Trainee: 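The structure that follows is given in the form of structure tokens.
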Amino acid sequence: MRHPPDTTSPIRPRLPSPVRDVADPWLADRGVALRLKRDDLIHPLMPGNKWRKLTPNLRAAVERGHTRLLTFGGAYSNHIRAVAAAGAAYGLSTVGVVRGDELAAAPRNWSLARAEAHGMELAFVTRSAYRETLRGLSEDDSGTLRALEERWGRAYVLPEGGTNVLAARGAAELVAELPDLGPGDVVCCAVGTGGTLAGIAAALPAGARAVGFAVLKGAEGYLEGEVAALHERGWGRVFDSWRIEHGYHGGGYGRVPAELEAFAAEFEERHGVRLERRYVAKLLWGVYGLVERGELPPGSRVTAVITGPPDPEDPAGSTGSAGGARPGA
Ligand SMILES: *Cc1c(COP(=O)(O)O)cnc(C)c1O
């Protein structure tokens, strides 16, 4: 079920996103070709996989007569910012439930300040309340839904990170923009919730493979289960074209160890692309790691999906920007 590129969206995307070859002698010596699928350039306010995952959900929300979006995220959530911008563009009000009640009294970081600037109403909740609500939603618990509606009124609820079947189908469309994929091709992306990887894997032609790189620590088994569940719900089948690498999270979400930082800085310097650190740098670090370990045999062509742009270098202009480049958790 592929939609044509969305030209009716109030947010006008740059699609298909550009594909750029990376000339790297170290990779060439090992027989591996690398190209970047620049989804980070799709739109400045709804970049990367956020545009792909949200757009089908926004259509569904409007079709079902919703006037409000409700979603969840951490203090520096790219998803929260994208939903705020999307709501403003589509004329939907937005609520962001944010993990961490201590943030309520603190000056807004740049990311939350931007969400508020797009009109999003922020609700700060304790970590345990946040966890409980997400658990209730994932289990389709009617009490959880009722409590949210009582507090916020009727709303289209997007899960944390925006991943659901519609989102995965939206992510699948990026594969249609790579018509030359075939045996020997490996499409690689970062994995937060797994929605992007699930969509890509489901859309691959025979012989092509997908590798996701987990950015969370200790998510072995869990993330594979999430991707498989999306395939089951969205496509009614399992796919064996994908796997998740767990060796490149760098110590956990938002952690950037010195070795990863050095890799990212060198890549930026050599290839003239700035890398977002929480997801994209880990993905590319992992690709080079697999090549080094001989797990991408000569003749492989890797398409690395650049799922988002780097954080602003100078998030000034919003209050409380200290430490803004690093997510707290
Ligand atoms: C949200 C995000 C991801 C995670 O995507 P999932 O579909 O949740 O796995 C990856 N990269 C960037 C830049 C993101 O903002």
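From a predicted model like this one, the values you see are computed outputs, not experimental measurements. When a ligand or atom number is given, it counts from 1 through the structure's own listing order.
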Trainee: Near ligand 1, which protein residues have a heavy atom under 4.0 Å away?
Mentor: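 For ligand 1, the contacting residues are N49, K50, K53, N78, T163, V191, G192, T193, G194, G195, T196, Y279, T307, G308.
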
Trainee: Mind checking whether F267 and W285 have ring centres under 6.0 Å apart?
Mentor: no

Trainee: Which residues satisfy the side chain to side chain donor-acceptor pair (under 3.5 Å) test with S93, sequence neighbours excluded?
Mentor: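 Side chain to side chain donor-acceptor pair (under 3.5 Å) check on S93 returns R68.
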
Trainee: Examine distances only and state if a side-chain atom of H43 and a backbone atom of L45 form a donor-acceptor pair shorter than 3.5 Å.
Mentor: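 Judged by distance alone, yes, a pair lies under 3.5 Å.
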
Trainee: So, using ring-ring contact (aromatic ring centres under 6.0 Å, His included) as the criterion, who are the partners of F124 when residues are at least two apart?
Mentor: none

Trainee: Using a 3.5 Å distance criterion without hydrogens, assess whether the side chain of E224 forms a donor-acceptor pair with backbone atoms of E226.
Mentor: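 Between the backbone of E226 and the side chain of E224 there is no qualifying donor-acceptor contact (under 3.5 Å).
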
Trainee: Once ring-ring contact (aromatic ring centres under 6.0 Å, His included) is applied, what residue pairs with a partner in residues 128-166 remain, sequence neighbours excluded?
Mentor: H66-Y156

